[in-house]
Amino acid sequence: LDMPPKKEKKTKEQIAKAAAGGGGKKKKKWNSGKVKEKANNAVCLDEALYEKLLNEVPKSRLITVSTISDKLRVTGSVARAAIRDLESKGKIKRVSTHRSQLLYTSI
């Protein structure tokens with residue numbers, strides 16, 4: 001009957017060193033999603049932007065706060081004020097209002 005060779009006994013120092021070293025795996029990171037870039041929109045209209053607003057916006061078929069905000073790179077509150085201004089001048093007309101979603105079109 002052949003017996004396998006005996007393993008060498010580890011010393012207490014070797015056991016302690018192995019225990020202290022442990023934890024080979026790194027902790028799982030959950031947030032690996034994409035980070036949205038910050039939109040650096042203007043908070044007021046200067047002369048050039050106002051001219052662009054008066055020329056371009058009344059020509060578009062669908063006018064909402066978000067379309068103006070995207071086209072002119074302004075904040076939502078500036079876009080809402082611009083819509084009110086254009087409506088009071090009679091350049092655009094209201095189609096529908098649902099809560100805070102304002103839908104306008106060109107005349």
- Check: Q14 side chain, T11 main-chain N or O, donor-acceptor pair, under 3.5 Å: yes
Show which side-chain atoms of residues 85-92 pair as donor or acceptor with protein atoms under 3.5 Å away, not counting sequence neighbours.
| residue | atom | partner | partner atom | Å |
| --- | --- | --- | --- | --- |
| D85 | OD2 | Y50 | OH | 2.8 |
| E87 | OE1 | Y104 | OH | 3.2 |
| S88 | OG | R84 | O | 3.4 |
| S88 | OG | D85 | O | 2.7 |
| K89 | NZ | Y50 | OH | 2.4 |

- Heavy-atom pair with the smallest gap, counting every atom of A79 and S69: CB-N, 4.2 Å
- State plainly whether one hydrophobic cluster holds both V95 and L62, where clusters connect Ile, Leu, Val, Met, Phe, Trp and Tyr through side-chain heavy atoms under 4.5 angstrom apart. yes
- Query: Any donor-acceptor pair under 3.5 Å linking the side chain of T64 with the backbone of T67?
  - Reply: yes
- Quick one: pull up CG in L54 and CD in E56 and give me the separation to the nearest 0.5 Å. 11.0 Å
- Item | Value rounded to 0.5 Å, distance of NZ in K71 from CZ in R73 | 12.5 Å
- Message: Is it the case that the side chain of S106 and the backbone of R61 share a donor-acceptor pair, with hydrogens and angles ignored and the cut-off at 3.5 Å?
- Response: no
- Message: Can you give me the closest heavy-atom contact between L72 and L49, atom names plus distance?
- Response: O-CD2, 3.6 Å
- Hey, what do you get for CG (L102) to CZ (R80), rounding to the nearest 0.5 Å? 8.0 Å
- Query: Roughly how far, to the nearest 0.5 Å, is the CG atom of L45 from the NZ atom of K52?
  - Reply: 11.5 Å
